[in-house]
Amino acid sequence: MDGNKYEKQDMVKRPRRLRENGIIRKMVRETRMDKASLIYPMFVTEGSGIKEEIPSMPGQYHYSVDMLPAALEEVKDAGVSSVLLFGIPDRKDEIGSSAWAEDGIVQKALRAGKKAVPDLYYITDVCMCEYTSHGHCGALCGHDVDNDATLPLLARTALSHVQAGADMVAPSDMMDGRVAAIRKTLDENGRTEIPILSYAVKYASAFYGPFREAADSAPSFGDRKTYQMDYHNAKEGIKEALLDIDEGADMVMVKPALSYLDVIRRVSEQVNVPVAAYSVSGEYSMIKAASMRGWIDEAAVICEAATSVYRAGADILITYYAKELAKYMEEGRIG
Ligand code: PBG
């Protein structure tokens with residue numbers, strides 16, 4: 001075709017006008033993000049001198065408590081203001097009693113972290129699965145998790161995290177009524193100021209695979225389908241979110257993120273609290289694996305993926321790529 005011979009079309013509306021250069025493209029962005037909305041998950045383990053890479057999550061580590069402050073400094077220096085702590089204890093039992101131990105791993109991590117890097121915001125994951133010998137998220141009754149027997153264990157764990165310095169607690173167990181139980185216990189102990197971020201809309205997902213290796217928390221039998229949600233359901237996510245808000249959740253979470261953008265959209269339209277989305281271990285590992293093979297451009301893909309989560313309606317993003325994303329937001333590459 002001869003490029004010189006063409007007729008100008010009589011077109012009034014030309015969407016390309018607003019894509020002409022970087023300045024106008026940035027001006028008309030519909031999705032705005034800020035690094036203040038990023039939360040970085042971290043794994044803390046017993047022992048000393050440990051900074052061990054998690055095989056299924058290259059670039060993510062297990063830290064012993066003594067190695068944690070340096071890692072927290074890095075998080076802060078990257079411009080991320082909040083962390084979500086997971087503990088890997090050295091002893092497990094039927095009811096997960098090391099979850100609420102005074103010298104439990106998360107409790108020790110909180111004390112050390114708050115002392116060394118006090119200006120980060122510390123959120124803790126409240127669940128039993130890393131602490132129970134059977135790997136389920138609560139106390140068992142036969143072969144199923146006993147919902148109501150688990151509530152006091154969760155409440156006790158949340159309180160002990162708060163007493164060790166947690167700024168916010170995030171229950172991830174999916175027991176019915178846990179937000180109410182935790183709120184009541186915190187309030188009875190004078191901790192009315194501590195917010196609860198509920199993993200309200202948490203699906204039974206294969207995307208947690210790498211995390212379970214990282215946290216040594218895979219169930220020794222069965223699965224989590226009697227408490228985590230069925231991925232065929234979206235309306236039920238709204239029910240879960242509203243229930244938890246009624247019980248006192250200050251923020252709700254949808255998890256995982258990328259396969260659940262429709263759920264993030266629906267929940268965010270229905271609630272009047274901040275909505276967090278958790279881009280989980282499997283999402284991280286897929287992107288990391290493909291980029292390590294040179295099959296995708298890691299930075300470009302994580303920017304696009306993170307933006308999609310915000311575009312779907314999330315206010316907050318929990319991600320293993322928080323440090324990188326903070327930089328890209330700061331640079332204006334996204335946001
Ligand atoms: C604990 C918990 C899990 C995750 C967060 N909290 C695992 C699970 O429910 O099996 C998953 C996080 C991730 O995959 O990054 N219940």
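Atoms within a ligand are numbered from 1 in the order they appear, just like the ligands themselves. If you're wondering where the values come from, they're calculated on a predicted model, not measured in any experiment. Computation of the quantities below employed the complete heavy-atom set of this structure, encompassing side-chain atoms and omitting hydrogens, waters and symmetry-equivalent molecules.
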| In the protein, which heavy atom is nearest to atom 4 (C) of ligand 1, and how far is it? | K255 NZ, 2.6 Å
| Which residue and heavy atom of the protein sit nearest atom 12 (C) of ligand 1, plus the separation | F211 CD1, 3.3 Å
Which ligand 1 atoms are under 4.0 Å away from a heavy-atom of [X]?
{"X": "F86", "value": "5 (C), 6 (N)"}
{"X": "R224", "value": "8 (C), 9 (O), 10 (O)"}
{"X": "Y278", "value": "12 (C), 15 (O)"}
{"X": "S172", "value": "1 (C), 2 (C), 6 (N), 16 (N)"}
{"X": "C129", "value": "1 (C), 16 (N)"}

Which part of [X] is near ligand 1, with near meaning a heavy atom under 4.0 Å away: side chain, backbone, both or neither?
{"X": "D173", "result": "neither"}
{"X": "Y284", "result": "neither"}
{"X": "S281", "result": "both"}

| task | Please check if any side-chain donor atom of D187 sits under 3.5 Å from a side-chain acceptor atom of T192, or the reverse. | result |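 Distance-only check fails for D187 and T192.
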| query | Going by distance alone, is a donor N or O of one side chain under 3.5 Å from an acceptor N or O of the other, for T45 and H62? | reply | no
| query | So is there a nitrogen or oxygen of S217 less than 3.5 Å from a nitrogen or oxygen in ligand 1? | reply | no
| With respect to V65, which candidate in V106, V44, L110 satisfies the side-chain contact (heavy atoms from CB on, under 4.5 Å) definition? |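 Going through V106, V44, L110 one by one, the side-chain contact (heavy atoms from CB on, under 4.5 Å) with V65 is satisfied by V44 alone.
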| message | Looking at ligand 1, would Q228 count as a contact under a 4.0 Å heavy-atom criterion? | response | yes
| task | Kindly indicate, with the supporting measurements, whether the criterion salt bridge (charged side-chain N to carboxylate O under 4.0 Å, His left out) is fulfilled by D230 and K225. | result | CA-CA 7 Å; D230 181 339; K225 288 181 181 159; over 6 Å; no
| field | 4.5 Å side-chain heavy-atom contact, I316 and I39 | value |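 They are in side-chain contact.
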Stacked cation flag [X] on [Y], 6.0 angstrom / 45 deg:
{"X": "K202", "Y": "Y227", "result": "no"}
{"X": "K35", "Y": "Y328", "result": "no"}
{"X": "K51", "Y": "Y61", "result": "yes"}

| remark: The reported gap from CD in Q163 to CZ in R156 (rounded to nearest 0.5 angstrom) is 10.5 Å
| query | Out of E283, E213, K202, whose heavy atom sits nearest atom 2 (C) of ligand 1? | reply |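 Result: the heavy atom closest to atom 2 (C) of ligand 1 is in K202.
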